[in-house]
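Take a look at this one; I'll ask things after.
Numbers for residues simply follow the sequence, beginning at 1.
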Amino acid sequence: MDPPPQRRLAAPLLLLLLLIAASSPAARAWKKDEFRNCNQTPFCKRARTRAPHSLDAPLSLAAGSLSVSPDGSISAELSHPSRPRPLVLRLSALPPHALRLQIDEDYSTATPPHRRFHVPDVLLPDLEARTLHLPEPKSAGGVSTVALSSDLDVVVKHDPFELTVRRAGSGDPVLSFNSHGLFDFEPLRESKPEDETWEEHFRSHTDKRPRGPQSITFDVSFYGADFVYGLPEHGSTSLALRPTRGPGVEESEPYRLFNLDVFEYLHESPFGLYGSIPFMIGHGARASSGFFWLNAAEMQIDVLAPGWDGSTTPENGRIDTLWMAEAGVIDAFFFVGSEPKDVVKQYVSVTGTPAMPQQFATAYHQCRWNYRDEADVDGVDAGFDEHDIPYDVLWLDIEHTDGKRYFTWDHSAFPNPEEMQRKIADKGRKMVTIVDPHIKRDSSFHLHQEATEKGYYVKDANGNDYDGWCWPGSSSYPDMLNPEIREWWADKFSYESYKGSTPTLYIWNDMNEPSVFNGPEVTMPRDALHYGDVEHRELHNAYGYYFHMATADGLLKRGEGKDRPFVLSRAFFAGTQRYGAVWTGDNSADWDHLKSSIPMVLTLGADVGGFFGNPEPDLLVRWYQVGAFYPFFRGHAHHDTKRREPWLFGERRTAIIREAIHVRYSLLPYFYTLFREASVSGIPVMRPLWLEFPDDKETYNNGEAFMVGSSLLAQGIYEEGQKSVSVYLPGKESWYDLRNGSPYKGSMSHKLQVLEDSIPSFQRGGTIVPRKDRFRRSSTQMVNDPYTLVIALNSSNAAEGELYVDDGKSYDYQQGAFIHRRFVFADSKLTSLNIAPDNLGKKKFTSDCVVERIIILGLRSGAKKAIIEPGNREVEIESGPVSLRSGSSPVAPTIRRPNVRIADDWTIRIA
């Protein structure tokens, strides 16, 4: 639908003003008054005014008797005389010991005009099939007890309703729901009372709220917890979630989960950013637990400081939290584990493990808004080769399109896109283009024409196609909640539909919160309408998730199910990990954002150098050094910044950046093995220290250092001109400097001199890390290169590690086409063992790659020879460098050219 005549006349001027405002860093920098705080958000303000254990009628819900349903779940009615209809409660269990709590209104008694929204397609489809049968409850004295597992019980107090997960033997609580009596579930109304006003106003925007207030509030307590973690995404240098209310708390805003396009966000704020995952982990020396609420409406979560409820003797080892959502239902999961990894594994058993990436995606990416034309692309590509810096992916931002029409090319700047991609691909490299959800409202644009004719756009509150403003100007947004529209969108990535695309072109989803420049809080109005008559307020945080899903499915279809998609998304929700990577969005080129990138990247990824601003050369160098250990490693910059390709800062800094990128490329076999682990277990590649050392309290709030897998620890340099740095190395075993193999004791802090050419990074004693030390133009050109194994011995002179290898691109690994080896060093003998299961399928993967170097750190013997079996072949042991960087000294015993195949069983014994 074209705009009316008066709109057409005004559109050019309005578009110009909007785009100038949008593209100006100064104009679009953080403006606090453009976004609502809790006091300006009625459901949050109401919830925060309630006192604990209030006797107010809406909060005094009572649970009826529990009954076991045929599917093995347990149900009950929650009621109060003042409610128009009761609530229905359902409890179910998932292996090994997760509890699911579902609460919705009972629509069988009095049916409102609309029903509450249940978020679809986030939980794994086999979840119900894995549900366990719960035993008959045991009831006495107004309390019912249900065995959740052999060591956990669920205790339901009936009046007022309260739920606790506790240990079966000791009776110690682990998690509780409504133990402070703050549970409120505002009922849907059949009509608006004459004396009530449902509309809400913020700045110049009005939310009609035609369905009235429908918020949900409850408290959750974590017992045995010293800290709580999670709730991405917000900017913070603190790893643990700081209290937001209570004695001694200065910052009084809750953690907000509401996907927003926030330029140059604050690095210390509970304010919500581009993505939302309502998942929290509590951890202490005695317990690990987790809570996940599947709800895509705006949430506000308070972490309550001890004494928040007026108690003069707050319970030690308990952290109380208050969860508030504008709409939706309760579909919540309680996880209990012996350690935090157990909790993470239970979470991904519900939402899915991360997708296995292609090999190239784990390497270095180069991006800018924007590379101007094909000559610019050629120049950047050649610059990496000229300066001996590897990279794998070159990205194009919105200016590559024809007037911000996605799936098109600006043919004056990119007249031969397929040839451009082919030249990049000849070096084993890939390209990425951006595809955002806003579709230019242009009657000559085939995509808009088709979406309009099919009725595929989100509607406004009046039922018309929603018209908002974004990069193209007047834009509409596909309704990605609808599976039919997602399927239609996926088809747009075929080579026939996306002219000029090739098999080596992948996709970047940006602005998919969704961002609307003239919308309330730069997003879509809450009363916009989606498929199934769902209001936008009910699914806002999942819109980007569905867009990401549809795009990934499009690349999967394009490759006929054989090629693993690569799609980067800015907006995210629970389950996003199944479809691809995410990053922290539009950060700034300053030292604070570098430091805050670590707690944020422990769940996401960050742009090296900062998107906004011009980083000082030393800041850029430090960012590359720490970015080399990020799971997603990309340099990116705003179009108003100076060019910052790695070779533009003088020969010395170019050499240091080159070395940082070389570190990443040498570790690609280790990273790829970790991504495989993540795709199976859900344990992330980059980890907080406490995930690996859950009993060490010194790690609980250390947000400056981090683990890469279980073997490597790195800590950035986050201050300009820093001369020394204190690094805490956890655990009882020694750690070895990655540069020179020097040993450092564990369970203590070390004051280290800050070096210009590296950051503190260590390998843990007792581990074996695979590397590839021959540097090529791209990771694809390293495929047939030999391996180096770095063995870091522990106090028992032992170590273990793994190597996973497949074709790096297809799904053949799902049918057994991979190599998975475990390396074990013990009793002066290194053994390679096959740990790939035999029953995955008939496809095989072979490799003639060999191990060309074995470095042994911490070896005390002066052995000169090693014997390789089978074959009884003798090889020399000599002193060699730990890294192959220029000027490295021979410091570690090294077995050179053992030339054993990575695919074979073998043993190397030190004579």
Inset, instruction - Would you check if there is a donor-acceptor pair between the side chains of Gln421 and Thr502 at a distance under 3.5 Å? - result: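 Present: a donor and an acceptor within the cut-off.
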
Inset, instruction - Kindly indicate whether the side chain of Val348, heavy atoms from C-beta on, has any atom under 4.5 Å from the side chain of Arg578. - result: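 Val348 vs Arg578: side chains apart.
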
Inset, instruction - Compare all side-chain heavy atoms of Leu803 with those of Tyr670 and state whether any distance is below 4.5 angstrom. - result: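 With C-beta onward as the side chain, the pair stays apart.
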
Inset, instruction - Determine yes or no for a side-chain-to-main-chain donor-acceptor pair under 3.5 angstrom, with Arg901 supplying the side chain and Ser847 the backbone. - result: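 Pair found, side chain donor or acceptor close to backbone of Ser847.
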
Legend entry - Nearest-0.5 Å distance, OG of residue Ser761 to CG of residue Leu738: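 These two atoms lie 4.0 Å from each other.
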
Inset, instruction - Show the numbers, then the answer: is there a side chain to side chain donor-acceptor pair (under 3.5 Å) between Ser666 and Arg771? - result: CA-CA 5 Å; Ser666 72; Arg771 298 190 328 212; 4.8 Å; no

Legend entry - Beyond-backbone contact of Glu698 with Pro730, side-chain heavy atoms, under 4.5 angstrom: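 No, their side chains stay 4.5 Å or more apart.
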
Legend entry - Ionic contact status for Asp381 with Arg777, cut-off 4.0 Å: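 No, this pair does not count.
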
Legend entry - Nearest-0.5 Å distance that lies between atom CD in Glu645 and atom CD in Gln366: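 Here the interatomic distance stands at 5.5 Å.
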
Inset, instruction - Could you walk me through whether Leu394 and Val380 pass the side chain to side chain contact (heavy atoms under 4.5 Å, CB included) test, one step at a time? - result: CA-CA 9 Å; Leu394 192 69; Val380 172; 3.8 Å; yes

Inset, instruction - Verify side chain to side chain contact (heavy atoms under 4.5 Å, CB included) between Asp392 and Tyr364, making sure each step is shown before the conclusion. - result: CA-CA 6 Å; Asp392 268 62; Tyr364 177 65; over 6 Å; no

Legend entry - Inter-residue atom distance Asp785.CG - Asp773.CG, 0.5 Å rounding: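 Output value for this atom pair is 10.0 Å.
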
Inset, instruction - Decide whether Asn512 and Ser569 meet the rule of one side-chain donor and one side-chain acceptor closer than 3.5 Å. - result: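 Yes, because at least one side-chain N or O of Asn512 sits under 3.5 Å from a partner of the opposite role on Ser569.
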
Legend entry - Minimum side-chain heavy-atom gap Val432-Leu505 below 4.5 Å: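 With C-beta onward as the side chain, the pair stays apart.
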
Inset, instruction - Could you check whether the rings of Trp395 and Trp508 sit parallel, tilted or perpendicular, using 30° and 60° as the cut-offs? - result: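 The arrangement is perpendicular - the two ring planes meet at more than 60°.
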
Inset, instruction - Tell me, with the steps shown, if Asp807 and Ser810 meet side chain to side chain donor-acceptor pair (under 3.5 Å). - result: CA-CA 7 Å; Asp807 66 14; Ser810 79; 2.5 Å; yes

Legend entry - Cation-aromatic face contact Arg664/Phe671, 6.0 Å, 45 degrees: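 Yes.
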
Inset, instruction - Using a 4.5 Å cut-off on heavy atoms from C-beta on, say whether the side chain of Leu859 contacts that of Ile791. - result: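 The answer is no, as the side chains (C-beta and beyond) never meet within the 4.5 Å cut-off.
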
Inset, instruction - Compute the ring centroids of Tyr744 and Phe762, then answer whether they are less than 6.0 Å apart. - result: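 Under 6.0 Å, so yes.
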
Inset, instruction - Could you check Tyr811 against Leu556 for side chain to side chain contact (heavy atoms under 4.5 Å, CB included), going step by step and ending with a plain yes or no? - result: CA-CA 11 Å; Tyr811 287 98; Leu556 192 63; 3.5 Å; yes

Inset, instruction - Might you work through the salt bridge (Lys or Arg N to Asp or Glu O under 4.0 Å) test for Lys427 and Asp385, ending with a clear yes or no? - result: CA-CA 10 Å; Lys427 300 176 183 179; Asp385 296 338; 2.7 Å; yes

Inset, instruction - Answer yes or no on whether Arg764 is positioned over the face of Tyr736, meaning its NZ or CZ is under 6.0 Å from the six-membered ring centre and within 45° of the axis. - result: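 No - Arg764 does not lie over the ring of Tyr736 by the 6.0 Å and 45° rule.
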
Inset, instruction - Inspect the contact between Glu733 and Lys745 and indicate whether a charged nitrogen and a carboxylate oxygen are less than 4.0 angstrom apart. - result: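 Between Glu733 and Lys745 there is no salt bridge, as every charged N stays at least 4.0 Å from the carboxylate O atoms.
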
Inset, instruction - Calculate, to the nearest 0.5 Å, the distance between atoms OG1 and CD1 belonging to Thr551 and Ile507 respectively. - result: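 The CD1 atom of Ile507 is 7.5 Å from OG1 of Thr551, to the nearest 0.5 Å.
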
Legend entry - Rounded distance [0.5 Å steps], CD in Gln625 versus CD in Glu756: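 It comes to 8.5 Å.
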
Inset, instruction - Determine yes or no for a side-chain-to-main-chain donor-acceptor pair under 3.5 angstrom, with His750 supplying the side chain and Leu752 the backbone. - result: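 Answer holds: no.
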
Legend entry - Closest non-hydrogen atom pair between Arg644 and Leu648, with its separation: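 Heavy atoms only, the tightest pair is N-CD1, 3.9 Å.
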
Inset, instruction - Measure from the side-chain N and O atoms of Thr353 to the backbone N and O of Ser679, and report whether any donor-acceptor pair falls under 3.5 Å. - result: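 It does hold such a pair.
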
Legend entry - SB check Glu852 Arg897 (cutoff 4.0 Å):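 A salt bridge is absent here (no side-chain N lies under 4.0 Å from a carboxylate O).
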
Legend entry - Geometric class of the Phe360/Tyr506 ring pair [parallel <30°, tilted 30-60°, perpendicular >60°]: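 Because their plane-to-plane angle lies in the 30° to 60° range, the rings of Tyr506 and Phe360 count as tilted.
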
Inset, instruction - Give a yes/no verdict on a cation-pi contact between Lys772 and Tyr787, requiring under 6.0 Å between NZ or CZ and the six-membered ring centre and an angle within 45° of the axis. - result: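 Pair Lys772/Tyr787 counts as cation-pi.
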
Inset, instruction - Nearest 0.5 Å please: distance from the OG atom of Ser734 over to the CG atom of Leu857. - result: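 Nearest 0.5 Å value for the OG-CG distance: 11.0 Å.
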
Legend entry - Ion pair check, Arg368 and Asp397, cut-off under 4.0 Å: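 Looking at Arg368 and Asp397, the cut-off is not met.
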
Inset, instruction - Describe, in one word, how the ring planes of Tyr672 and Tyr804 are oriented to each other, choosing from parallel (under 30°), tilted (30 to 60°) and perpendicular (over 60°). - result: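 Plane angle between 30° and 60°, so tilted.
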
Inset, instruction - Please check if the side chain of Tyr371 supplies one atom and the backbone of Trp369 the other of a donor-acceptor pair under 3.5 Å. - result: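 Between the backbone of Trp369 and the side chain of Tyr371 there is no qualifying donor-acceptor contact (under 3.5 Å).
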
Inset, instruction - Would you mind telling me which of Val727, Leu689, Leu729 makes a side chain to side chain contact (heavy atoms under 4.5 Å, CB included) with Gln715? - result: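 Filter result, single survivor: Val727.
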
Inset, instruction - Mark yes or no for whether Glu233, through its side chain, and Tyr274, through its backbone, hold a donor-acceptor pair below 3.5 Å. - result: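 Yes: the side chain of Glu233 pairs with the backbone of Tyr274.
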
Legend entry - Side-chain heavy-atom pair Trp690, Pro340 within 4.5 angstrom cut-off: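 Answer yes - side chains close enough.
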
Inset, instruction - Please find out if less than 6.0 Å separates the ring center of Phe632 from that of His365. - result: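 Aromatic pair counts; centres sit under 6.0 Å.
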
Inset, instruction - Would you mind checking if Asp426 and Arg422 are paired as a salt bridge, meaning a charged N to carboxylate O distance below 4.0 Å? - result: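 Yes.
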
Legend entry - Expected output: side-chain Tyr813 to main-chain Phe845 donor-acceptor under 3.5 Å: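 It does not hold such a pair.
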
Legend entry - Thr699 (side chain) donor-acceptor with Pro694 (main chain) under 3.5 angstrom: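 Here the side-chain-to-backbone pair does not exist.
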
Inset, instruction - Apply the test side chain to side chain contact (heavy atoms under 4.5 Å, CB included) to residues Gln358 and Phe566: give CA-CA distance (whole Å), side-chain angles for both, the deciding distance (0.1 Å), then the verdict. - result: CA-CA 7 Å; Gln358 290 202 40; Phe566 174 80; 5.8 Å; no

Inset, instruction - Take Glu692 and Lys341 through the test salt bridge (Lys or Arg N to Asp or Glu O under 4.0 Å) and record every step on the way to the result. - result: CA-CA 8 Å; Glu692 286 297 324; Lys341 285 184 180 179; 2.7 Å; yes

Legend entry - Pair Arg821-Ser832, side-chain donor/acceptor within less than 3.5 Å: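 Yes.
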
Legend entry - Heavy-atom donor-acceptor pair, His548 side chain to Gly544 backbone, under 3.5 Å: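 Flag not set: sc His548 to bb Gly544 has no pair under 3.5 Å.
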
Inset, instruction - Look at Asp757 together with Arg653 and state whether they make a salt bridge at an N to O cut-off of under 4.0 Å. - result: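 No salt bridge links Asp757 with Arg653.
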
Inset, instruction - Indicate whether the side chain of Thr788 and that of Arg853 have a donor and an acceptor atom separated by less than 3.5 Å. - result: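 A pair is found: one side chain offers a donor N or O, the other an acceptor, under 3.5 Å apart.
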
Inset, instruction - Report yes if some heavy atom in the side chain of Asp737 is under 4.5 Å from a heavy atom in the side chain of Asn740; otherwise report no. - result: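 Touching, per the 4.5 Å side-chain cut-off.
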
Legend entry - Heavy-atom side-chain proximity of Pro898 to Ile895 below 4.5 angstrom: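 When only atoms from C-beta onward are counted, Ile895 and Pro898 do touch, with a gap below 4.5 Å.
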
Legend entry - Phe823 and its side chain to side chain contact (heavy atoms under 4.5 Å, CB included) partner, picked from Leu833, Val769, Thr767, Leu830: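 Exactly one option meets the side chain to side chain contact (heavy atoms under 4.5 Å, CB included) with Phe823, and it is Leu830.
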
Inset, instruction - Report yes or no: does Thr894 contribute a side-chain atom to a donor-acceptor pair with the main-chain N or O of Ala892 at less than 3.5 Å? - result: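 A pair under 3.5 Å: yes.
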
Inset, instruction - Using atom types as modelled and distance alone, determine if a side-chain donor or acceptor of Gln577 lies under 3.5 Å from a backbone N or O of Gly352. - result: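 It does hold such a pair.
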
Inset, instruction - Answer yes when Arg658 and Glu386 have at least one side-chain N-carboxylate O distance shorter than 4.0 Å, and no when they do not. - result: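 No.
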
